[in-house]
Amino acid sequence: MDDVRLSPRERRILAEIEEQLGRDEPLARWLGTTRSGLRLPDPPAPGTYRLRPALALAALGAATLALLVLAVTTEAPALIWAFAAAWVLTLVVLLRLVVRWSRRRAGDPRTPG
């Protein structure tokens, strides 16, 4: 695909599209561009997003524990089902964290961070 050539007509259409997009100020602000050219956002610092899944797991764990206590004390079917759903979701998040951690430890290039 590196040797793709555009016909003169296609180049003209592409230039017109780029010109119209360049005049769209809200789009330029939304994309983070300036008049002088494209300004890409800075990449996140290493380890920036590692805390979010752990916090989500802690919040899910606390909610699951609260639902367990409520379900046992009230014996309400809705609370029992809510606990079951929260428990499954907590296990899924935990499993994803363990898989990500094990891939990182193994040096898998597909894992970010």
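Throughout, residue positions are numbered sequentially from 1 according to the sequence presented.
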If hydrophobic clusters are built from ILVMFWY residues whose side chains come within less than 4.5 Å, do [X] and [Y] share one?
X   : Y   : result
L68 : L91 : yes
L89 : L97 : yes
V92 : W87 : no
V69 : V72 : no
V98 : V93 : yes

Between [atom1] on residue [X] and [atom2] on residue [Y], distance to nearest 0.5 Å:
X   : Y   : atom1 : atom2 : answer
L55 : L60 : CG    : CG    : 11.0 Å
L6  : I13 : CG    : CD1   : 10.0 Å
L79 : L70 : CG    : CG    : 5.5 Å
E16 : L21 : CD    : CG    : 12.0 Å

Test side chain to side chain contact (heavy atoms under 4.5 Å, CB included) on E10 and L14; report intermediate values, then the result.
CA-CA 6 Å; E10 292 170 332; L14 181 61; over 6 Å; no
To check you understand the geometry: which heavy-atom pair defines the closest contact between L57 and T90, and what is its length?
CD1-O, 3.7 Å
Specify the closest pair of heavy atoms between A86 and L67, including all atoms of both residues, with the distance to one decimal.
CB-CD1, 3.8 Å
Is it the case that over 12 heavy atoms from other parts of the model lie below 6.0 angstrom from the CZ atom of R96?
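12 or below, so no.
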